[in-house]
**Student:** 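I am attaching a structure below and will ask some questions about it afterwards.
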Amino acid sequence: MKYVKPSYYLGTLLMCCFCINYSTAQKRNYTVDSLQIKVYTEIEYVNSQPKDIVVKKVFCDYCTDNQIKYIGEKAKELAFYDRYNPKKRIVNGMRKFAIIIRVSKKDFLAIRDE
């Protein structure tokens, strides 16, 4: 009776297949459990100093007033942190930009009840 050694190439190929399958199974799609909401904001600069931050519009058709208010406050907070960014700073004028906020669906429903 002759003993046949298994091919190491076959074993390596099987290990690679299992590893790739495992890594793709671990990835989760954020759209399954979260929402993205776009908010337009403006920052007015005078002599390179931010004067005023204004939230222009919250793009959410299905939001309640409380949810729109909360999302607007979060967008204003994010713009507040970004106001001194040297790459985006303006000497005099208005900087208009969009902020995309991602919120989990569970947290978004809890905002409606508050």
Side-chain angles (χ1 to χ4, degrees):
M1 213 164 146
K2 189 174 182 183
Y3 179 70
V4 179
K5 290 184 178 180
S7 172
Y8 290 108
Y9 295 115
L10 180 62
T12 305
L13 180 66
L14 286 173
M15 274 305 267
C16 288
C17 291
F18 287 127
C19 290
I20 290 172
N21 187 22
Y22 181 73
S23 67
T24 57
Q26 293 297 321
K27 294 179 183 175
R28 292 192 57 188
N29 193 354
Y30 69 88
T31 58
V32 174
D33 59 352
S34 66
L35 302 168
Q36 282 186 333
I37 300 169
K38 185 189 286 188
V39 182
Y40 282 159
T41 56
E42 291 181 351
I43 300 177
E44 183 180 354
Y45 287 94
V46 177
N47 296 328
S48 295
Q49 296 298 318
K51 183 179 177 187
D52 192 23
I53 299 173
V54 178
V55 174
K56 284 301 210 180
K57 183 164 174 82
V58 177
F59 289 95
C60 185
D61 296 335
Y62 45 84
C63 296
T64 63
D65 291 336
N66 195 22
Q67 289 169 334
I68 289 174
K69 180 182 170 189
Y70 180 78
I71 296 295
E73 289 173 2
K74 282 296 178 186
K76 195 169 186 175
E77 180 182 338
L78 291 172
F80 181 80
Y81 293 136
D82 196 41
R83 72 186 190 269
Y84 286 118
N85 188 346
K87 294 180 182 177
K88 300 176 184 176
R89 205 174 205 175
I90 299 173
V91 176
N92 287 319
M94 294 286 265
R95 178 177 157 225
K96 299 177 182 182
F97 58 101
I99 297 175
I100 296 177
I101 298 175
R102 187 176 294 157
V103 182
S104 72
K105 290 179 182 178
K106 291 178 184 177
D107 294 340
F108 194 68
L109 286 174
I111 295 169
R112 181 180 63 187
D113 298 336
E114 292 177 359

**Student:** Counting C-beta onward and ignoring hydrogens, is there a side-chain heavy-atom pair between Leu78 and Val39 closer than 4.5 Å?
**Tutor:**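 No; the side chains remain at least 4.5 Å from each other.
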**Student:** Which heavy-atom pair separates Thr41 from Ala75 by the least distance, and what is that distance?
**Tutor:** CG2-CB, 4.3 Å
**Student:** Is the shortest heavy-atom distance from the side chain of Asn47 to the side chain of Asn92 under 4.5 Å?
**Tutor:**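 Touching, per the 4.5 Å side-chain cut-off.
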**Student:** Hydrophobic clusters here meaning ILVMFWY residues chained together by side-chain heavy-atom distances under 4.5 Å, can you tell me if Tyr40 and Val103 are in one?
**Tutor:**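 No, Tyr40 and Val103 fall in different hydrophobic clusters.
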**Student:** I'd like to check the side chain to side chain contact (heavy atoms under 4.5 Å, CB included) partners of Tyr81; sequence neighbours left out, ordered by chain and number.
**Tutor:**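 Partners of Tyr81 by the side chain to side chain contact (heavy atoms under 4.5 Å, CB included) criterion, ordered by chain and then number, come out as Glu77.
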**Student:** Could you grab the distance from atom CG of Leu35 to atom SG of Cys60, nearest 0.5 Å is fine?
**Tutor:** 7.5 Å
**Student:** Could you measure the distance from the CD1 atom of Ile90 to the CD1 atom of Ile43? Nearest 0.5 Å is fine.
**Tutor:** 8.5 Å
**Student:** How long is the gap from CD1 on Ile68 to CZ on Phe59, to the nearest 0.5 Å?
**Tutor:** 11.5 Å
**Student:** Which pair of non-hydrogen atoms, one from Ala79 and one from Ile99, has the smallest distance, and what is that distance?
**Tutor:** N-CD1, 4.1 Å
**Student:** If you count the non-hydrogen atoms of other residues, nucleotides and ligands that lie under 6.0 Å from CZ in Phe80, is the total more than 12?
**Tutor:** no
**Student:** Picking from Lys76, Glu44, Arg95, what satisfies side chain to side chain contact (heavy atoms under 4.5 Å, CB included) with Ile53?
**Tutor:** Lys76
**Student:** Do Val91 and Tyr45 have side-chain heavy atoms sitting under 4.5 Å apart?
**Tutor:** no
**Student:** Would you indicate whether Asn85, at its atom CG, is surrounded by more than 12 heavy atoms from other residues, nucleotides or ligands within a distance under 6.0 Å?
**Tutor:**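 Yes, enclosed.
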**Student:** So, the side chain of Asp33 versus the backbone of Ser104: is there a donor-acceptor pair under 3.5 Å, distance only?
**Tutor:** no
**Student:** For the backbone of Phe108 and the side chain of Tyr70, can you confirm whether one donor and one acceptor N or O come within less than 3.5 Å of each other?
**Tutor:**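 Here the side-chain-to-backbone pair does not exist.
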**Student:** Any link between Phe97 and Val58 through a network of hydrophobic side chains (Ile, Leu, Val, Met, Phe, Trp, Tyr) touching at under 4.5 Å?
**Tutor:** yes
**Student:** With a 4.5 Å heavy-atom cut-off, do Lys51 and Arg83 have their side chains touching?
**Tutor:** no
**Student:** Please check if the number of heavy atoms outside Lys38 that lie under 6.0 Å from its NZ is greater than 12.
**Tutor:**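 Incorrect, the count does not exceed 12.
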